[in-house]
Amino acid sequence: MIGLENTGKLGFGCMRLPLLDPNDPKSIDREQFKAMVDAFIAGGGTYFDTAYVYHEGMSEVALKEALVDRYPRDSFTIATKCLAWSMESKEAAQSCLQTSLERLGTSYVDFYLLHNVGGERTQKFDEYGMWEFAQQKKEEGLIRFWGFSMHDGPEALDELLTKHPEVDFVQLQVNYLDWEDPVVQSRKCMEVAAKHNKPVVIMEPARGGRLAELPERGAEVLRAANPEASVVSWAYRFCCNLPGVLTVLSGASSLEQMQQNMEEFKHATPLNAAEEKALAAALEALRAVPLVPCTNCRYCVKDCPQQVAIPNILSLLNLFMTTENQTFTKQLYSWQATPGKASDCIACGNCESMCPQSINIIDQLERAKELFE
């Protein structure tokens with residue numbers, strides 16, 4: 001049986017599957033999905049990542065048809081998740097596991113995650129007793145390993161792993177663009193996981209596809225270093241050779257994308273010294289635009305009467321300027337600009353008086369409102 005140590009480096013993310021109707025997230029193209037599953041397994045893949053909420057529940061259903069019904073149960077692993085903070089009650093949150101098992105057509109899941117823990121959302125996981133619930137279901141055999149996914153910083157991760165040493169793994173946003181980002185802090189999060197001896201499932205290795213579609217100023221640096229390598233291969237190689245990595249998730253919305261993913265990971269050798277230097281130069285080129293000099297000290301949020309998520313919003317402005325992709329950044333803004341969005345600002349000036357970097361925060365929030373709302 002496949003365990004924590006041998007899931008394979010590439011994981012199949014089943015969040016954006018091919019659709020028959022682009023306006024209906026439930027209309028998964030089942031036949032194409034089966035072909036994608038076949039290609040993944042033929043290439044040595046074993047780890048399938050889904051969630052209770054993906055495709056409004058139909059991702060799990062489609063995975064049963066494409067995978068569980070067609071392959072021996074011990075030849076693959078399934079990860080699914082519970083978004084407890086969006087549930088109206090403890091009973092509803094805890095019932096997600098049984099619903100997922102029924103949708104998937106399996107008597108157990110290999111990896112169960114508390115979905116998007118962090119910030120104010122953690123309170124719901126605590127209130128609903130989800131940590132104790134997951135451990136109990138592991139002891140009952142319904143879950144083999146359990147952990148949590150999060151988009152929070154290293155301090156929050158350290159606090160959670162100290163409080164819950166029983167978790168088996170964590171899922172973190174890691175990529176070379178966010179490695180030293182003052183808000184995401186991928187490197188520091190990886191160091192915290194290592195300190196607690198927790199293996200990491202990496203999500204967003206290509207930053208939602210943005211590292212596959214780099215602005216020319218960054219892409220030309222990588223092409224000059226290796227004309228034969230695709231731009232996205234640098235992102236995958238950076239992630240899958242980090243220490244402590246269990247699996248690197250990569251989503252696919254077509255058979256062609258899945259085949260490309262398999263090909264990229266087949267050649268995901270560690271970066272050599274010259275390649276590391278080239279990647280650093282590409283990153284420097286990407287950031288060679290006027291960025292907001294926010295260091296995520298968070299002084300600005302302490303006296304904000306509107307609880308505007310100022311550091312998150314400034315970080316998204318920088319992401320937009322770095323990647324030049326407004327649509328993608330706007331999607332992130334829709335859930336990361338919480339509890340207060342840019343338009344909630346009343347221009348009181350408390351934030352600017354506290355900012356060590358003397359950032360014109362009010363103007364930047366106005367800019368974010370125009371771009372993302």
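Keep in mind it's a predicted model, so treat the numbers as computed, not measured.
Within the model, atoms OG of S250 and CE of M258 stand 7.0 Å from one another, a figure rounded to the nearest 0.5 Å. Atom CG in N318 sits 12.5 Å away from atom CD1 in I313 (nearest 0.5 Å). Atom CZ of F148 sits about 4.5 Å away from atom CG of L160, to the nearest 0.5 Å. Atoms CD1 and OG1, from I143 and T80 in turn, are 10.5 Å apart once rounded to the nearest 0.5 Å. The distance from the OG atom of S149 to the NZ atom of K81 is 6.5 Å, given to the nearest 0.5 Å. Separating the CG atom in L291 from the CG atom in L319 is a distance of 10.5 Å, to the nearest 0.5 Å.
Contact annotation: the side chain of L157 approaches that of L172 to within less than 4.5 Å [non-hydrogen atoms, C-beta and beyond]. When side chains are defined from C-beta on, F125 does not count as touching F133, because their heavy atoms never get closer than 4.5 Å. Contact annotation: the side chain of C294 never approaches that of S315 to less than 4.5 Å [non-hydrogen atoms, C-beta and beyond]. With a 4.5 Å cut-off on side-chain heavy atoms, W131 and D126 count as touching. Between Y52 and R103 there is a side-chain heavy-atom pair separated by less than 4.5 Å. Residues I202 and L242 have side chains in contact (heavy-atom distance under 4.5 Å, counting atoms from C-beta outward). In this structure, the side chains of V248 and F265 come closer than 4.5 Å at one or more pairs of heavy atoms. Taking the side chain as every heavy atom from C-beta outward, V117 and M130 never approach each other to under 4.5 Å.
At least one test fails for R207 against the ring of F328: distance under 6.0 Å to the centre or angle within 45° of the axis.
In terms of modelled atom types and a separation under 3.5 Å, the side chain of D178 and the main chain of S186 share no donor-acceptor contact. Distance alone, capped at 3.5 Å, is enough to place a donor-acceptor pair between the K9 side chain and the C240 backbone. Between the side chain of E352 and the backbone N or O of I362 there is at least one donor-acceptor pair closer than 3.5 Å. Proximity of a side-chain donor or acceptor of N241 to a complementary backbone N or O of T269 within less than 3.5 Å is detected. At least one donor-acceptor pair closer than 3.5 Å links the side chain of Q326 to the backbone N or O of L371. Of the possible polar contacts, none joining the S59 side chain to the H55 backbone as a donor-acceptor pair under 3.5 Å is found. R237 places no side-chain N or O within 3.5 Å of a backbone atom of A268 that could act as its donor or acceptor partner. Although no hydrogens or angles enter the test, the distance criterion places no donor-acceptor pair under 3.5 Å between the side chain of N175 and the main chain of A206. Of the possible polar contacts, none joining the E180 side chain to the R187 backbone as a donor-acceptor pair under 3.5 Å is found.
For E60 and T50, the side-chain atoms include no donor-acceptor pair closer than 3.5 Å.
Taking hydrophobic clusters as Ile, Leu, Val, Met, Phe, Trp and Tyr residues chained together by side-chain heavy-atom distances below 4.5 Å, L279 shares a cluster with L177. Hydrophobic cluster membership is shared by L101 and Y71, with clusters built from Ile, Leu, Val, Met, Phe, Trp and Tyr side chains linked at under 4.5 angstrom. One hydrophobic cluster, built from ILVMFWY side chains closer than 4.5 Å, holds both L316 and L365. Both V232 and L255 are members of a single hydrophobic cluster when ILVMFWY side chains are connected at heavy-atom separations under 4.5 Å. V183 and V292 fall into different hydrophobic clusters, where Ile, Leu, Val, Met, Phe, Trp and Tyr residues are linked whenever their side-chain heavy atoms come under 4.5 Å apart, directly or through other members.
Considering only residues two or more places apart in sequence or on other chains, K195 meets the salt bridge (Lys or Arg N to Asp or Glu O under 4.0 Å) condition with D158. The salt bridge (Lys or Arg N to Asp or Glu O under 4.0 Å) check on E140 picks up K137, with sequence neighbours excluded. With sequence neighbours excluded, the residues forming a salt bridge (Lys or Arg N to Asp or Glu O under 4.0 Å) with E65 are R30, K34, listed by chain and number. Not counting sequence neighbours, E159 has no partner by the salt bridge (Lys or Arg N to Asp or Glu O under 4.0 Å) test. For F48, the ring pair (Phe, Tyr, Trp, His ring centres under 6.0 Å) test picks out F12, F40, with sequence neighbours left out.
Ring pair F169/F111 is perpendicular by interplanar angle, where above 60° counts as perpendicular and below 30° as parallel. Between F320 and F372, the angle of the ring planes goes over 60°, which puts this pair in the perpendicular group of the 30/60° scheme. Using a 30° and 60° split on the angle between ring planes, W179 and F238 fall in the perpendicular class, above 60°.
Each of V192, V201, L113, L161 was scored for a side-chain contact (heavy atoms from CB on, under 4.5 Å) with V170, with one residue passing: L161. Exactly one residue among K198, K138, R144 makes a salt bridge (charged side-chain N to carboxylate O under 4.0 Å, His left out) with D168. That residue is K138.
Every pair passing side-chain hydrogen bond (donor to acceptor under 3.5 Å, both in side chains) that includes a residue from residues 335-347 is listed here, sequence neighbours excluded: S343-E373. A salt bridge (charged side-chain N to carboxylate O under 4.0 Å, His left out) check over residues 276-296, counting only residues at least two apart or in different chains, returns nothing. Evaluation of the salt bridge (charged side-chain N to carboxylate O under 4.0 Å, His left out) test over residues 258-272, restricted to residues two or more places apart or in two chains, returns E263-K266. The stretch residues 357-372 participates, sequence neighbours left out, in these salt bridge (charged side-chain N to carboxylate O under 4.0 Å, His left out) pairs: E366-K369.
Closest non-hydrogen pair, E120 versus P339, comes out as OE2-CG, 4.4 Å.
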Listed pairs under 3.5 Å, donor-acceptor, residues 208-221 side chains, sequence neighbours left out:
from : atom 1 : to   : atom 2 : distance (Å)
R210 : NH1    : G208 : O      : 2.8
R210 : NH2    : E213 : OE1    : 2.8
E216 : OE1    : R223 : NH2    : 3.1
E216 : OE2    : R223 : NH2    : 2.2
R217 : NE     : A285 : O      : 3.0
R217 : NE     : L286 : O      : 3.3
R217 : NH1    : E324 : OE2    : 2.5
R217 : NH2    : L286 : O      : 2.9
R217 : NH2    : M321 : O      : 3.2
R217 : NH2    : T322 : O      : 3.0

Taking only distance into account, with no hydrogens and no angle test, what donor-acceptor pairs under 3.5 Å do side-chain atoms of residues 14-22 form with protein atoms, sequence neighbours excluded?
from : atom 1 : to  : atom 2 : distance (Å)
D21  : OD1    : N23 : N      : 2.9

Original post:
Going through the checks in order, is the side-chain contact (heavy atoms from CB on, under 4.5 Å) test met by Y47 and D110?
Top reply: CA-CA 9 Å; Y47 190 103; D110 302 276; over 6 Å; no

Original post:
Passes side-chain contact (heavy atoms from CB on, under 4.5 Å), V109 versus L97? Steps please.
Top reply: CA-CA 9 Å; V109 289; L97 174 59; 4.2 Å; yes

**OP:** Could you check D152 against R121 for salt bridge (charged side-chain N to carboxylate O under 4.0 Å, His left out), going step by step and ending with a plain yes or no?
**Re:** CA-CA 11 Å; D152 214 329; R121 297 179 299 277; 5.4 Å; no

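Counting heavy atoms of neighbouring residues, nucleotides and ligands inside a 6.0 Å radius, atom CD of Q357 exceeds 12 of them.
Taking Ile, Leu, Val, Met, Phe, Trp and Tyr as members and joining any whose side-chain heavy atoms lie under 4.5 Å apart, directly or through other members, the hydrophobic cluster of Y299 also contains M354.
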